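Below is one structure, written out as structure tokens; comments come after it.
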Number of protein chains: 2
Amino acid sequence: MSDLNTEEKILEAAREVFIAKGLDGARMQDIADKAGINKALLHYYFRSKEMLFQKIFLEKGRELVQVLEQVVGTNLSVREILAMLIDLESDKLDQEPLMPLFVISEINRNPAKLLQVPEIQACRQCLKKLALQIDLEKEQGKIRKELQFQDVIMDVMSLMHFPRIGKNLFVEMLYDRDKVDFAKEVTRRREHIKFVILRSLEP
Amino acid sequence: MSDLNTEEKILEAAREVFIAKGLDGARMQDIADKAGINKALLHYYFRSKEMLFQKIFLEKGRELVQVLEQVVGTNLSVREILAMLIDLESDKLDQEPLMPLFVISEINRNPAKLLQVPEIQACRQCLKKLALQIDLEKEQGKIRKELQFQDVIMDVMSLMHFPRIGKNLFVEMLYDRDKVDFAKEVTRRREHIKFVILRSLEP
DNA sequence: AGTTTTGTTAACCAAATGGTTAAACTTAAT
DNA sequence: ATTAAGTTTAACCATTTGGTTAACAAAACT
């Protein structure tokens, strides 16, 4: 942390605190402490809590749809796209598993924020392409006719994100709290998710 | 609201405010206003914000695992149990789609809270029964051998909860914001989820 | 009817919190 | 060396917020 310039130190601390506590729970003093600087510097660099928060929220909002956008942009088959999506998204989530919970929580507190992430509209466009590709493969008999592309996307996102954001609950309910290595379980689930998703495509 | 006694009015208002804003974002004054009473009455009935919150959190924590516990307690086949779980849980979530987001967010802010919901331990026991039933049906060749019971549970919960808590994001990304009836989409998805889950069991 | 208990309110309080200010320190240009 | 600009800090301020108090009202009890 100490080898970063002040602005980056603040941003890194803000990421941690906002993601862990949310906008309401985050304290400017905590961010300053974690960054190892005086609280007034936060305002010197970012004017207000709201503006600092906005920086982080937009950044993480983008990240949330980035992989999806990236992977749909390729010219692969639907099955290849989905498998790639699962792998890349998993890699990213392993770094910051609670990031989607942060973004979704904040969107629910104030849905208008969502519209300030233009990448979501861009992603929308990309997804239309995927919808076409799915229609095509339906015609070719490769994908079951009843499948809606919205469902596939929601399925993949759900299966990847929800176990991570609900980690504590699932560890307590489904595993032996002291013995389980949940990170390993999540890694193992990659193949399971691919299996479930790809099977759901079969005609 | 006005036909309830004061204590129930407070609890109902607290449910709404805590679920919408979380512990940190909730204001005692907002709860009092929504209940139509003086703020001091909140403390008269529940001593502190923390204690009022605890009441709601425990109640909702219980509700989150209640259906699972109830349905696993029956003597049905695994497929019947899962189909029933999806139907009952959907009915409940239609009433309060953001409740799981509330519980999970608060658990992440303070994981120790989780241990104060004894129903989760009870649920744990019930799930062992389901695990045995799954093993049995694996022996009988009804379920694919590689399937782990933890995965089925996480799959069902994920597919049901995540689209609801991410509603705003999904509507923006996948649908025509102005035209879509997301409630209808969620209802339609019931059958889709059953399909995906039941297919994932097939040997 | 009178008295005690329970319920309810307005006014108030102390702590926390986001934000400001003015001075001090650092760096680089002149 | 002097100045000017940018950076950093301690002290301070105003507001919000959870919580308290004391007086008042309404039941419940005698």
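In what follows, every chain begins at residue 1, and chains take the letters A, B, ... in the order their sequences are listed. Treat the numbers as computed from the prediction; the structure is a model and nothing was measured. The figures here come from the full heavy-atom set of this structure, side chains too, leaving out hydrogens, waters and symmetry mates.
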Inset, instruction - Examine dT8(C): is either OP1 or OP2 under 4.0 Å from a nitrogen or oxygen in the side chain of Thr6(B)? Give yes or no. - result: yes
Inset, instruction - With the side chain of Lys39(A) defined as its heavy atoms from C-beta on, choose the nearest nucleotide among dT17(C), dG19(C), dG19(D). - result: dG19(C)
Inset, instruction - Could you check which of dG19(D), dG7(C), dG18(C) has an atom nearest any side-chain atom of His43(A)? - result: dG18(C)
Inset, instruction - Go through dT9(D), dG6(D), dG18(D) for me and flag the one nearest to the Ile37(A) side chain. - result: dT9(D)
Inset, instruction - Would you please say whether a donor-acceptor pair under 3.5 Å links the side chains of Glu69(B) and Gln125(B)? - result: no
Legend entry - Whole angstrom value for the distance that separates C1' of dT8(D) from CD1 of Ile10(A): 11 Å
Legend entry - Leu68(A) side chain near Ile153(A) side chain, heavy-atom distance below 4.5 Å: yes
Legend entry - Geometric cation-pi criterion Arg144(B) and Phe195(A), 6.0 Å radius, 45° cone: yes
Legend entry - Touch class at under 4.0 angstrom, heavy-atom based, for Leu42(B) against every strand present: nothing
Inset, instruction - Step by step, work out the side chain to side chain donor-acceptor pair (under 3.5 Å) result for Glu185(B) and Tyr175(B). - result: CA-CA 10 Å; Glu185(B) 281 297 294; Tyr175(B) 293 94; 2.6 Å; yes
Inset, instruction - Could you tell me the separation between the CD atom of Gln29(A) and the P atom of dG19(C), rounded to a whole number of Å? - result: 13 Å
Inset, instruction - In whole angstrom, give the distance that lies between atom CZ of Arg47(B) and atom C1' of dG19(D). - result: 10 Å
Inset, instruction - Would you indicate which nucleotide in dT20(C), dG7(C), dG19(C) comes nearest to any side-chain atom of Tyr45(B)? - result: dG7(C)
Inset, instruction - Would you kindly give the CG-to-P distance between Leu41(A) and dC25(C), to the nearest whole Å? - result: 16 Å
Inset, instruction - Classify the side-chain pair Lys92(A)/Gln66(A) by whether it contains a donor and acceptor separated by less than 3.5 Å. - result: yes
Legend entry - d(CE, Met28(A); P, dT15(D)) in whole Å: 19 Å
Inset, instruction - Would you mind classifying the nucleic acid contact of Ala32(B) as base, sugar-phosphate or nothing, using non-hydrogen atoms under 4.0 angstrom? - result: nothing
Inset, instruction - Using whole Å, report how far CD of Glu7(B) lies from C1' of dT6(C). - result: 13 Å
Inset, instruction - Kindly point out which of dG19(C), dG18(C), dT20(D) is positioned nearest to the side chain of Ala40(B)? - result: dT20(D)
Legend entry - Integer-rounded Å distance: dA15(C) P and Arg27(A) CZ: 17 Å
Legend entry - Closest to side chain of Asn38(A), choosing from dG19(D), dG18(C), dA10(D): dA10(D)
Legend entry - Separation of atom CG in Leu52(A) from atom P in dT17(C), rounded to whole Å: 17 Å
Inset, instruction - Among dG6(D), dG18(C), dG19(D), find the nucleotide with the atom closest to the side chain of Tyr44(A). - result: dG6(D)
